[in-house]
Each structure stands twice: as structure tokens, then as C-alpha cells.
Q: 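Before I ask anything, here is the structure I am working with.
Read the numbers this way: they start at 1 and go in the same order the structure lists the ligands and their atoms.
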Amino acid sequence: MSAESKDLSYFEGKIVPSSDAKISIQTHAFQYGTAVFGGIRGYYNSKKNNLFVFRLLDHYKRLVNSTKIMQLQFDKTPEQLVEITLQLLKESNLKENVYLRPIVYTSALQLSPRFHDVKTDIAIYVLKLNDYLDTQNGLKTMVSTWTRFSDNQIPTLSKVSGGYVNSALAKSEAVQNGMDEAIFLDARGLVSEGSAENIFIVRDGVIYTPTIPSSILEGITRRTLLKIAEDLKIKVVERDIARSELYISDEIFFSGTGVQVAWVKEVDRRIIGNGQMGPITKQIQSLFFNIVRGEEDQYKNWLTPVY
Ligand code: PMP
């Protein structure tokens with residue numbers, strides 16, 4: 001972090017130096033993955049000298065919904081979490097692109113995997129983050145041998161820490177096979193999503209993306225792109241997608257807070273389209289990046305300025 005900024009976190013009800021935000025090895029969530037978390041980006045616009053947090057309230061609504069699905073005891077509202085986060089960012093005095101990680105975790109020092117009757121806490125930390133995956137050069141991907149878990153195994157609409165074991169297996173398998181990212185199929189064998197991102201395909205000028213029952217996490221970026229596409233008058237259909245449709249798509253792209261909008265060049269060693277970023281991906285990606293940097297007035301209600 002730059003000289004004038006401070007490395008602070010929100011921990012046990014206070015904003016503290018990150019070096020003081022430490023949990024015990026006996027922490028319940030550390031044993032069992034019984035935590036829910038979020039991933040939120042802030043984009044620094046040097047011309048406007050401001051840091052814009054993208055869809056902050058929507059991210060906290062999803063976090064609170066995640067606690068509800070899992071029955072975590074948690075009584076803060078999304079609006080209160082927005083206030084805490086803005087205070088944390090102001091005091092941190094960051095003038096760069098950031099990634100926020102709020103996590104609600106079972107903080108008791110106690111045994112027995114469960115969600116009820118365990119004390120919870122929320123922590124929020126901030127990282128400097130530019131690209132997580134390359135957004136310009138095209139990603140090499142493979143369909144994972146790991147199946148995305150179903151809603152009846154681990155609720156898919158809750159961003160729950162334990163569920164990321166599934167993502168970690170798929171990601172490691174992909175990278176160890178020389179790929180950048182994995183694509184999960186759901187329990188029915190239909191396309192679900194990436195290890196930490198939603199997926200879109202383009203065929204004959206129409207965008208398709210899997211529906212919520214395909215075991216996806218309902219991405220805030222996914223929702224953003226559905227709206228952007230509508231505004232750009234590009235037809236989008238949410239429907240089941242078969243694996244072999246991936247191979248004959250004209251374009252494929254991922255969406256997510258980490259990945260932003262990144263295009264896929266290859267799936268299972270088949271080149272997608274002509275192996276270049278497609279025109280629809282280009283249009284969506286370029287509007288997306290303008291929006292998050294605060295350069296599209298029409299979408300400024302998605303941004304919360306920090307300063
Ligand atoms: N799916 C999974 C499994 C994820 O971890 C993420 C990242 N949060 C996404 C999709 C994309 O969600 P969002 O656009 O809200 O970041």
C-alpha cells in the first residue's frame with residue numbers, strides 16, 4: 001500500500017491495524033468452513049480523484065442472504081455494512097483499485113460442525129487488486145472433472161467458505177493441466193459456471209447464460225451484464241447450456257468481481273470462434289469497464305464514491 005494509505009481492517013466491531021486482526025486456531029469456522037463471504041471491488045478514478053465501490057449495497061444484500069440461508073446468527077443490515085465499509089475505506093485513505101473481503105464467520109472457540117447456536121463475527125479486509133485473470137488475451141479453459149455441488153448439498157446461492165473446496169479442486173486441476181480456468185458442469189451434466197465466475201456464451205448474435213437452478217452463484221456482475229446487454233439491445237436468454245454448445249459458440253466470456261469480464265479463447269483444446277475477442281464481448285467489456293470507473297453517468301447509481 002502507498003505511503004499515505006493505512007493497512008486497516010474491520011475486526012470484532014472496530015477498525016484496527018490489519019496486523020492486530022488475528023483469530024485463534026481454535027476458531028470454529030477455521031475447522032468447518034462455516035463462514036460466508038463477499039468479494040467487492042472499488043475502482044480508483046484518478047481524473048475524478050475518487051474511489052468508486054461497485055454495487056456495494058447489492059453485495060451486502062447477498063452477504064446477509066447468505067447468512068440467512070446458512071442460519072448464521074447475524075444482525076447487521078446491508079445498510080449498516082455499507083456505512084462500516086465506507087468508514088474503513090476513508091480511514092485507509094486508498095487511492096488505487098481495491099478488493100474488499102467481508103466475511104461472517106463462526107467465531108466461537110468450540111467444536112461440532114453446526115450453524116445454530118454459535119457466536120459469529122464479521123471481519124472486513126482490503127487488498128490492492130488489479131486484474132485477477134487476464135481480461136485481454138483470452139483464457140484457456142477445460143471442463144472440470146469435478147462437478148459443481150448441487151443446492152441440496154451446499155446451498156449454491158450462499159457464498160459459503162466450505163463450498164470453495166469444490167472451486168479449489170477445479171482450479172488446481174485446470175492450472176495443473178496448463179489451463180487458466182475451469183468450467184463446472186452441474187449434477188445433470190449441463191454447464192454451470194467457472195471456479196469463481198459466471199459464464200456466458202454467444203451464438204448467432206444471442207447471449208446465453210445458465211439459470212440459477214444450474215447450481216450457479218447468482219453473481220452481481222452477471223446481473224450487471226444482463227442489464228448492460230439489454231441496454232445495448234443485445235438479446236440475452238437465461239437457459240440450460242449443453243457442454244458441446246461451448247465448443248461451437250462464437251464467443252464465450254466469464255463475469256465476476258474478481259475476473260471482471262474476461263473472454264475465453266479455448267475450451268478443452270477447441271478454439272472458440274476465430275480465437276479472437278468477439279464483437280459482443282468487446283462491446284460488453286468496454287461498457288462494463290467504463291461503468292465501474294465512473295465514466296458512464298447513466299449507471300452512476302451502481303457506484304458509491306468513498307471520498
Ligand atoms: N460464481 C462463483 C462460484 C463465485 O465465487 C463468484 C465470485 N463471487 C461468481 C460466480 C461471480 O459473482 P460476482 O459477480 O457477484 O462476483
Q: Would you give the length of the straight line joining atom CD of Gln73 to atom OG1 of Thr67, rounded to the nearest 0.5 angstrom?
A: 10.5 Å
Q: For atom 3 (C) of ligand 1, what is the nearest protein heavy atom, given as residue, atom name and distance?
A: Glu193 OE2, 3.5 Å
Q: What atoms of ligand 1 come closer than 4.0 angstrom to any heavy atom of Gly256?
A: 11 (C), 14 (O), 16 (O)
Q: Got an N/O contact under 3.5 Å between Thr257 and ligand 1?
A: yes
Q: Suppose we measure from atom 7 (C) of ligand 1 to each protein heavy atom; which comes out shortest, and what is that distance?
A: Ala196 O, 3.4 Å
Q: For the CH2 atom on Trp302, are there more than 12 heavy atoms of other groups (residues, nucleotides or ligands in this structure) within a distance under 6.0 Å?
A: yes
Q: Quick one: does Arg223 get a heavy atom under 4.0 Å from ligand 1?
A: no
Q: Starting from atom 14 (O) of ligand 1, find the nearest protein heavy-atom neighbour and note its residue, name and distance.
A: Thr221 OG1, 2.6 Å
Q: So does Glu245 pair up with Arg239, basic N to acidic O under 4.0 Å?
A: yes
Q: What do you reckon, does Arg62 have a nitrogen or oxygen under 3.5 Å from a nitrogen or oxygen of ligand 1?
A: yes
Q: Apply the side-chain hydrogen bond (donor to acceptor under 3.5 Å, both in side chains) test between Thr34 and each candidate in Thr106, Thr27, Thr120; give the one that qualifies.
A: Thr106
Q: Apply ring-ring contact (aromatic ring centres under 6.0 Å, His included) to the pair Phe200 and Phe253, showing each step before the final yes or no.
A: CA-CA 5 Å; Phe200 294 76; Phe253 53 93; 5.0 Å; yes
Q: Please confirm whether Ser195 approaches ligand 1 to less than 4.0 Å, judged on its heavy atoms.
A: yes
Q: Using heavy-atom distances, let me know which of Thr224, Ile220, Ile199 sits nearest atom 13 (P) of ligand 1.
A: Ile220
Q: Which protein heavy atom lies closest to atom 5 (O) of ligand 1, and at what distance to 0.1 Å?
A: Tyr164 OH, 2.5 Å
Q: Return the residue, atom name and 0.1 Å-rounded distance of the protein heavy atom closest to atom 8 (N) of ligand 1.
A: Lys159 NZ, 2.9 Å
Q: In this structure, is the centre-to-centre distance between the rings of Phe37 and Tyr164 below 6.0 Å?
A: yes
Q: Checking side-chain contact (heavy atoms from CB on, under 4.5 Å) between Val306 and each of Leu94, Asn93, Leu89, which is the one that passes?
A: Leu89
Q: Among all protein non-hydrogen atoms, which one is nearest to atom 12 (O) of ligand 1, and what is the separation to 0.1 Å?
A: Gly219 CA, 3.3 Å
Q: Within a 6.0 Å radius of atom NZ on Lys48, are there more than 12 heavy atoms belonging to other residues, nucleotides or ligands?
A: yes
